[in-house]
Amino acid sequence: MPRIPIAAGNWKMNKTSQEASAYAEAFLPQVKDFKKEIEIIICPPFTALATLASYFRNSPIKLGAQNMHWEEKGAFTGEVSAPMIKEWGCQYVILGHSERRHIFRETSEEVGKKVKKALEWGINPILCVGETLEEREKGETEKIVEEQLLLGLSDIPDAKASSIVIAYEPVWAIGTGKAATSEDARGVISFIREKLSSRFNVEISGDIRILYGGSVSPENVLDFLREDEIDGTLVGGASLDPLKMIKIAEETLRAY
Ligand code: 13P
């Protein structure tokens, strides 16, 4: 089975639920006829999930959260759990985003516990990995990516591994307008697939989708999509504009 490509938007801490409604009204008519050949996933802030769930019901658009806690409930002020995001209609959850790792000091061990819990609830994790500029300049890209990947997947049974999506997001390319070259992205993504083959097996590794993220735009998205190893993109800034996200989804559909 060929891997189904993904066009995913990470809104980060942007848009109230009223603004999300306006987005859905512009976005949905343009993408509602997209069939199963690609998956379009929108990851808004928690507060807009319920609104978007009602717009996207009976549409091909899927919803994702941007984070969750590894426990299901309890005394964790300010946190949100897997059953809660599931109830909001999330089929995906972004975990280990570099902003969570670097600004909020999330560790790879914590990310691993979250990946495991998401899978237990039938939510597909989008596990983000990527090196900082300093790490890249020190020649540590593979070391960092491998460590984040293996700790993020430390307790995952083979039977559930194919539902995981990996996003390679070099930190220096996020929000900077300086995307990685498609060759660079392909190189690291091939390395990730090789590591997934040894962590699981070649067949499972061949089923796992690996995305590129970092300054993806309607203008450069095709460069990444042309690479066989890259199964789609995780888009930040450009995904906030429904017209740009529609274009990225169209290019994704065209490229595969
Ligand atoms: P930008 O597309 O704004 O660089 O953000 C990428 C990202 O962090 C997606 O998760």
Side-chain angles (χ1 to χ4, degrees), residues 5-15 19-20 23 27 39-46 48-49 52 61-68 85 90-106 108 111 114-115 118 123-133 135-136 141 144-145 148-149 152 164-182 184-185 188-189 192 209-225 230-252:
I6 290 178
N10 173 11
W11 287 4
K12 308 189 180 184
M13 197 175 71
N14 291 290
K15 296 193 192 292
E19 289 163 341
Y23 186 104
F27 187 64
E39 284 192 90
I40 303 172
I41 306 164
I42 299 291
C43 306
F46 293 130
L49 282 169
L52 286 186
I61 317 305
K62 295 182 177 158
L63 263 188
Q66 298 173 16
N67 184 28
M68 52 165 253
I85 63 170
C90 291
Q91 289 173 263
Y92 285 87
V93 60
I94 297 172
L95 295 174
H97 190 279
S98 73
E99 286 146 20
R100 298 226 49 93
R101 292 179 191 267
H102 296 289
I103 304 173
F104 300 104
R105 303 269 170 251
E106 254 183 41
S108 291
V111 175
K114 294 179 178 193
V115 171
I123 303 166
N124 306 314
I126 302 175
L127 169 61
C128 300
V129 298
E131 81 287 359
T132 62
L133 185 58
E135 289 159 348
R136 166 161 284 246
T141 299
I144 296 294
V145 165
Q148 292 175 344
L149 187 71
I164 297 167
V165 175
I166 309 290
Y168 169 56
E169 299 206 306
V171 179
W172 46 271
I174 295 178
T176 58
K178 278 193 217 139
T181 63
S182 54
D184 269 352
V188 180
I189 285 176
I192 292 173
R209 273 121 9 122
I210 311 180
L211 314 180
Y212 167 75
S215 297
V216 172
S217 67
E219 291 71 39
N220 67 15
V221 67
L222 256 184
D223 297 341
F224 298 103
L225 300 175
I230 305 182
D231 301 311
T233 52
L234 180 54
V235 186
S239 76
L240 294 173
D241 177 340
L243 299 180
K244 289 186 182 169
M245 195 59 200
I246 290 163
K247 183 89 171 85
I248 287 169
E250 284 170 351
E251 297 283 53
T252 306

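Just follow the structure's listing: the first ligand is 1, and inside any ligand the first atom is 1. Predicted, not measured: the structure shown is a model, and the values here were computed from it.
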(Q) Pairing donors with acceptors under 3.5 angstrom, does anything connect the side chains of E131 and W172? (A) yes
(Q) Quiz question: by atom type and distance under 3.5 Å, do the side chains of E39 and Y92 form a donor-acceptor pair? (A) yes
Considering distance alone, does some N or O of [X] sit under 3.5 Å from an N or O of ligand 1?
X: G237; value: yes
X: T176; value: no
X: N10; value: yes
X: G236; value: yes

Show the atoms of ligand 1 that are less than 4.0 angstrom away from any heavy atom in [X].
X: E169; result: 6 (C), 7 (C), 8 (O), 9 (C), 10 (O)
X: A173; result: 4 (O)
X: G175; result: 1 (P), 3 (O), 4 (O)
X: S215; result: 1 (P), 2 (O), 4 (O)

Q.
Taking the basic N atoms (NZ, or NE/NH1/NH2) and the acidic carboxylate oxygens, is any pair closer than 4.0 Å for D184 and R136?
A. yes
Q | Residues which pass ring-ring contact (aromatic ring centres under 6.0 Å, His included) with Y168, listed by chain and number, not counting sequence neighbours | A | none
